[in-house]
Amino acid sequence: MGDNNELQDLWRAHPQPEIMKDLLAAARARARAILTTDLPAKITHLRALLEGEGDPTSDLYPGIVEKGAYVHAALEPAPKDAAASPGVEAGDADKTQVVVDNNDGDHGDGRRWTDRLRIHETQARLSLVLILECEELHIMVTDLRLWLELEIPVLEDGNSFGAEVQADLIKKLEEAQQLTRRMCLNMRQHHLDRVKVATEWLKAPGLDDLEHAMTLGDRFDHLLVRTHLRHTLMLAGAVMNRMEKNWAKVINPKGSGGGGSGMY
């Protein structure tokens, strides 16, 4: 291994000393905006959004799962020019569908598997609502994590006052990042689950259990959206609470009595 003496003065002779100072200043400004404006607004918004559960006209209303596509899958009659042979795609670019010629596919109420299985429109809207909320919160906690990473002090022997608090907060922010990503992926899973059931339903269109499997899955996903919105609110509130309760150590981790992070 070569001589590393030439590296001893690496940071002292840093060719661009303003880069990290500018990055830290920008991170502090962003953190201040998040903690004083963006995150409180997010909490208020999520609480107002969840109040929709009490409004019968809202997609979040619990009683909505007792009617419509939550009870019967939304099969739409195929166009008159739909090809009547197994596995043939028909329709224009916006309404491509798989058409199955199966005389046993009558559901008893006029719906047949020559129909187009529509996307669950209510769940699609709710999925987008949740995804947007998670994306916004994900960016906020990511920016807060960047700020805290830049505020980590020099760790000297016997003086780690507050550093553990910062490390714990960084860990909690990382967990929030992971959870918001997972909630977004759960919305994608809603569509994949429907595709899986529909694939089996195509093979046995007269099997009513498969329709029930799909509608019960949709009902569960409605509950999942409502639950995930609460998780998003919980994450936002937890970040605010941890920051506020540990603020002295966050901005002055070495407990020197001065020269904190400089945010305020």
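- Here the CE-CH2 distance, from M214 to W201, works out to 6.0 Å after rounding to the nearest 0.5 Å.
- Judged purely by atom type and a 3.5 angstrom limit, E200 has no side-chain atom pairing as donor or acceptor with the backbone of L210.
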message = Please determine whether side-chain contact (heavy atoms from CB on, under 4.5 Å) holds for the pair D221 and M187, giving the CA-CA distance in whole Å, both sets of side-chain angles, and the decisive distance to 0.1 Å.
response = CA-CA 8 Å; D221 288 338; M187 298 302 96; over 6 Å; no
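- Using a 4.5 Å heavy-atom threshold, the side chains of L173 and T142 count as separate.
- Dense packing is recorded around CZ of R181, with more than 12 heavy atoms of other residues, nucleotides or ligands lying under 6.0 Å away.
- Atoms CD and OH, from E66 and Y61 in turn, are 9.5 Å apart once rounded to the nearest 0.5 Å.
- Here the CG-NZ distance, from D168 to K172, works out to 5.5 Å after rounding to the nearest 0.5 Å.
- Across L224, L229, L223, a single residue satisfies side-chain contact (heavy atoms from CB on, under 4.5 Å) together with R226, and that is L223.
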Tabulate below the donor-acceptor pairs under 3.5 Å that side-chain atoms of residues 127-134 make, not counting sequence neighbours, or state none.
{"unit_1": "S127", "atom_1": "OG", "unit_2": "Q123", "atom_2": "O", "d": "2.8"}
{"unit_1": "E133", "atom_1": "OE1", "unit_2": "K42", "atom_2": "NZ", "d": "2.5"}
{"unit_1": "E133", "atom_1": "OE2", "unit_2": "H45", "atom_2": "NE2", "d": "2.7"}

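- For T37 (side chain) and I34 (main-chain N/O), no donor-acceptor pair under 3.5 Å exists by modelled atom type.
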inquiry  = As a quick check of understanding, evaluate side-chain contact (heavy atoms from CB on, under 4.5 Å) for L192 and K196, giving each step before the final call.
reply    = CA-CA 6 Å; L192 294 178; K196 184 177 181 180; over 6 Å; no
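- For E51 and R47, the salt-bridge test fails: no basic side-chain N is under 4.0 Å from an acidic carboxylate O.
- How far CG of L49 is from OG1 of T232: 9.5 Å, rounded to the nearest 0.5 Å.
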query = Can you list the steps and then say if H228 with V225 is a side-chain contact (heavy atoms from CB on, under 4.5 Å)?
reply = CA-CA 5 Å; H228 281 348; V225 169; 5.8 Å; no
